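Worksheet: one structure, shown below.
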Amino acid sequence: MIDLSSALHLAASEATLAVGALVLLMVGAFAGDKSTRLVSLLSVLLLIAGAVIAITGPWGQAFNGAYVADPLAIYGKSVIYLSAAVAIILGDGWMRRTRIAKTEYPILIVLAAVGMGMMASSGDLISMYVGIELHSLALYVLAAFHRDDAKASEAGLKYFVLGALSSGLLLYGASLIYGFAGSMRFQDIAAFAVDNPGPGLIFGLVFLICGLAFKVSAAPFHMWTPDVYEGAPTPVVALFATAPKMAAMVLIARALEGGFGEAHAQWSQVLVAISLVSFAVGAFGGLAQKDIQRLLAYSSIANIGYALLGLAAGTSAGLQAMLIFMTLYVIDQIGFFAILLSLSRSGRPIRRIQDLAGLKKDRPLTAVALTVLSLSVLGMPPMSGFWAKYYVFGAAANAGLWIVAAIGLVASVVAFYYLRIIKLMWFDAPADEIATDKAPAEAQWIGWAAAAFSFPLVLGALAWLEPVTKAAAAGFGNG
Amino acid sequence: MLQGIAFYLLAATAVVSGLLVVTARNPVHSVLWLILAFFSAAGLFVLLGAEFLAMLLVVVYVGAVAVLFLFVVMMLDVDFLKLREGFARYLPLAIIIAGVLLVEMILVSVAVVQNGAAADAVLGAPRPDVSNVEAIGRVLYTDYVYFFQAAGIVLLIAMIGAITLTLRHKPHIKRQNIADQINRPAAKAMEVKTVQSGQGVSPEELL
């Protein structure tokens with residue numbers, strides 16, 4: 001038991017973000033929507049500061065083990081905070097162009113980041129649940145942020161109702177686990193599960209996995225994803241596809257490997273089943289889509305399948321593969337959405353895949369960037385998506401899951417819908433002669449930077465990323 | 001003995017009223033059954049020696065949540081017949097899932113009967129010298145301060161969300177401004193307009 005000040009010192013990144021968000025809320029409340037730009041800027045700085053504090057902070061456990069600051073949590077948090085900051089930068093300009101800019105947008109993202117940080121470093125069932133609720137409540141509001149748009153309201157409501165349902169599943173599982181193990185802490189649960197992994201504990205575990213699978217939109221719990229991705233404002237979807245996914249994956253790693261390390265055989269098969277269904281839904285569901293954001297939703301379902309496959313391996317290498325995969329995937333997604341945000345025709349954003357036809361004539365550099373990103377998500381060597389899958393399949397094959405890895409390989413070939421984007425951009429004539437509008441600078445540069453990262457910068461970055469993620473995976477539980 | 005009778009009575013009431021919440025035709029009746037279910041659950045809490053939680057359940061769920069439900073059900077024009085449209089179509093699938101869940105729950109119950117639940121051992125017997133409120137108060141700001149503060153942020157987000165999604169600033173609403181109202185001279189309070197017969201005054205002129 002450590003005293004409150006050292007506990008707060010451990011949890012300094014969340015505390016900074018929470019207090020900072022309250023201050024910004026006051027700024028927004030008194031200065032009104034005029035201050036949106038200032039609040040956005042300060043929120044970005046706050047998130048960067050949060051990441052720096054997390055990285056430089058000490059390791060350890062606080063609040064009776066409810067809060068764990070170990071390398072895994074710190075790595076997860078830095079990715080989460082930075083991608084949330086990018087979502088604020090992308091959203092700020094977009095919201096002003098759509099005339100729905102409000103100071104609440106950056107503040108809600110910062111508060112969601114607090115929740116995601118809690119998830120990444122949760123050491124027991126309550127902090128897991130409170131973290132999940134904290135970030136998802138902010139995300140429900142963000143999904144419906146464009147409140148005069150019927151589709152956005154529908155997206156927010158759907159996300160809210162299904163999210164509440166999944167929270168119910170999660171809580172039911174958590175209550176069973178507590179009832180049988182007699183403790184909320186993952187460490188104690190793990191110690192208990194060594195001796196007696198009875199049916200009650202496993203039943204609770206399965207419910208817990210179902211609830212968490214909802215949050216990462218893994219099939220067969222993916223029903224909300226396409227509708228929410230289609231309806232919610234594009235920069236908000238850019239957030240959905242990145243930071244919360246990373247937080248939930250780190251949380252799943254924590255809950256399963258930290259709390260049920262000994263029951264690996266039991267949860268591994270559940271994860272394998274979920275990833276197989278996700279591959280299939282993601283690959284085949286995406287083929288028939290006409291809306292770009294719906295397509296990206298199916299793409300995210302498939303990709304979460306790959307990330308879960310890394311975890312299913314249950315080894316340190318699998319955890320490392322998941323971290324690398326999620327990091328590279330987050331950067332790819334940021335690129336996709338930034339480019340999507342930078343494209344509009346006569347003031348209207350591009351929504352249909354068909355609208356990308358003939359982009360090479362209009363915006364050659366953006367077309368190149370989108371091509372690189374598409375090939376990367378498809379998994380073409382030597383783009384970043386290939387390396388992401390390389391690590392995941394390698395870890396899965398080493399853990400004896402090579403059949404699943406082979407199926408995943410086939411599924412990533414089936415998902416050739418990215419090639420359709422490339423064909424449309426380079427070989428098809430545009431439907432009309434209206435050129436795209438002048439691109440907003442921030443979205444365009446972020447998109448190009450992400451594309452440049454996915455090739456060729458990734459080759460250099462991997463040399464650095466690999467030891468860092470390896471240390472993060474190895475330091476798991478060393479808080 | 002008496003406790004056993006009370007338990008089975010309350011448990012049976014909770015289950016039956018829970019069933020009626022879903023099956024009642026009239027949504028207002030559903031809410032009333034829900035209130036009964038909450039009351040029975042509160043009774044179960046009392047049996048466990050958690051009288052503070054029982055009171056909270058009554059105050060919060062019956063007093064606030066259920067009444068809010070009643071308002072929503074009565075004030076919103078929700079077509080409940082339409083909501084039930086798919087009921088027969090999805091019934092077979094629902095029965096399969098419910099059957100699987102039932103089997104699993106029986107397995108869990110059997111496990112509890114055989115091994116007991118570990119949480120019982122942790123909690124131990126209730127101590128008569130410490131009241132519920134005191135026991136919660138001792139840990140709420142010490143052991144559980146992290147969760148308590150985080151739950152506070154959750155509520156803050158809910159408030160921000162409700163305001164963001166629903167508050168609209170309407171330009172023509174006249175708000176109370178006490179200083180202005182008191183300082184208004186009598187000459188400005190009233191304006192006499194001569195209205196031509198058969199013409200009237202448009203609202204814009206009055207503003």
Side-chain angles (χ1 to χ4, degrees), chain A residues 1 4 7-8 11 14-15 18 21-22 25 28-29 62-64 66-67 102-105 107-108 111-112 114-115 118 124 126-127 129-131 133-138 140-142 144-145 147 153 156 175-176 178-184 188 192 196 198-204 206-207, chain B residues 41 48 65 72 76 78 83 90 93-94 96-98 100-124 138-169:
Chain A
M1 182 74 201
L4 187 65
L8 279 178
E14 276 87 354
L22 296 183
L25 194 61
F63 307 110
N64 291 329
Y67 183 93
K102 278 195 207 160
T103 50
E104 282 89 351
Y105 174 74
I107 293 170
L108 280 171
L111 287 171
V114 175
M118 278 185 74
D124 80 357
I126 306 184
S127 54
Y129 175 68
V130 175
E133 282 308 296
L134 190 55
H135 98 285
S136 26
L137 205 58
Y140 303 147
V141 179
L142 286 171
F145 202 79
R147 62 185 186 184
S153 305
S175 70
L176 281 176
Y178 171 63
F180 282 94
S183 174
M184 295 278 190
D188 300 343
F192 180 83
N196 21 359
L201 208 58
I202 301 304
F203 188 37
V206 172
F207 265 99
Chain B
L48 284 172
V65 176
V72 171
L76 287 187
V78 183
L83 284 181
Y90 297 119
L93 187 66
I96 294 173
I97 293 176
V100 171
L101 276 181
L102 185 70
V103 171
E104 286 180 340
M105 281 183 187
I106 290 172
L107 285 179
V108 170
S109 317
V110 170
V112 173
V113 172
Q114 281 173 352
N115 309 329
D120 285 345
V122 180
L123 294 176
R138 276 185 187 169
V139 291
L140 194 58
Y141 290 99
T142 53
D143 293 356
Y144 294 110
V145 65
Y146 177 52
F147 310 131
F148 187 75
Q149 292 300 326
I153 303 179
V154 173
L155 293 180
L156 176 72
I157 293 180
M159 198 172 82
I160 299 175
I163 293 173
T164 318
L165 295 182
T166 56
L167 181 71
R168 281 168 205 275
H169 289 288

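If you're wondering where the values come from, they're calculated on a predicted model, not measured in any experiment. Numbered from 1 within each chain, the chains take letters A, B, ... in sequence-line order. Heavy-atom basis, side chains included; hydrogens, waters and symmetry copies ignored.
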**Message:** Heavy-atom cut-off 4.5 Å, strictly under: side chain, backbone, both or neither for T166(B) against chain A?
**Reply:** backbone

**Complete:** Comparing L107(B), V112(B), I163(B) against chain A, the one with the most heavy-atom pairs below 4.5 Å turns out to be V112(B)

**Item:** Proximity breakdown for F192(A) and chain B, heavy-atom pairs closer than 4.5 Å
**Value:** side chain

**Over all atoms of both residues, closest heavy-atom pair of G200(A) and V108(B)** = CA-CG2, 4.1 Å

**Asked** Of the backbone (N, CA, C, O) and the side chain (C-beta and beyond), which part of A158(B) lies under 4.5 Å from a heavy atom of chain A, both, or neither?
**Response** both

**Request:** Counting only heavy atoms closer than 4.5 Å, note whether D188(A) contacts chain B via side chain, backbone, both or neither.
**Result:** neither

**Message:** Looking at chain B, which one of P199(A), A138(A), G204(A), S127(A) has the largest number of heavy-atom pairs inside 4.5 Å, strictly under?
**Reply:** S127(A)

**Prompt:** Parallel, tilted or perpendicular for Y67(A) and Y146(B), by the 30°/60° rule?
**Reply:** perpendicular

**Reported OH-to-CZ distance for the pair Y144(B) and F63(A), which is rounded to 0.5 angstrom** = 13.5 Å

**Complete:** One option among L22(A), L176(A), D124(A) has the most heavy-atom pairs under 4.5 Å with chain B, and it is D124(A)

**Proximity breakdown for L137(A) and chain B, heavy-atom pairs closer than 4.5 Å** = both

**Item:** Rounded distance [0.5 Å steps], CG in N64(A) versus OG1 in T142(B)
**Value:** 8.5 Å

**Distance (rounded to the nearest 0.5 Å) between L111(A) CG and I160(B) CD1** = 5.0 Å

**Message:** Between I202(A) and chain B, with a heavy-atom cut-off of 4.5 Å, which part of the residue counts as in contact: side chain, backbone, both or neither?
**Reply:** neither

**Asked** Atom CG in L134(A), atom CD1 in I153(B): separation rounded to 0.5 Å?
**Response** 6.0 Å

**Asked** For V110(B), is it the side chain, the backbone, both or neither that has a heavy atom under 4.5 Å from a heavy atom of chain A?
**Response** neither

**Item:** Atom pair CD (Q149(B)) and CD (E14(A)), whose distance is rounded to the nearest 0.5 Å
**Value:** 13.5 Å

**Complete:** From the list V154(B), T164(B), L155(B), the residue making the most non-hydrogen contacts under 4.5 Å with chain A is T164(B)

**Request:** Could you grab the distance from atom CZ of F207(A) to atom CG of L101(B), nearest 0.5 Å is fine?
**Result:** 5.0 Å

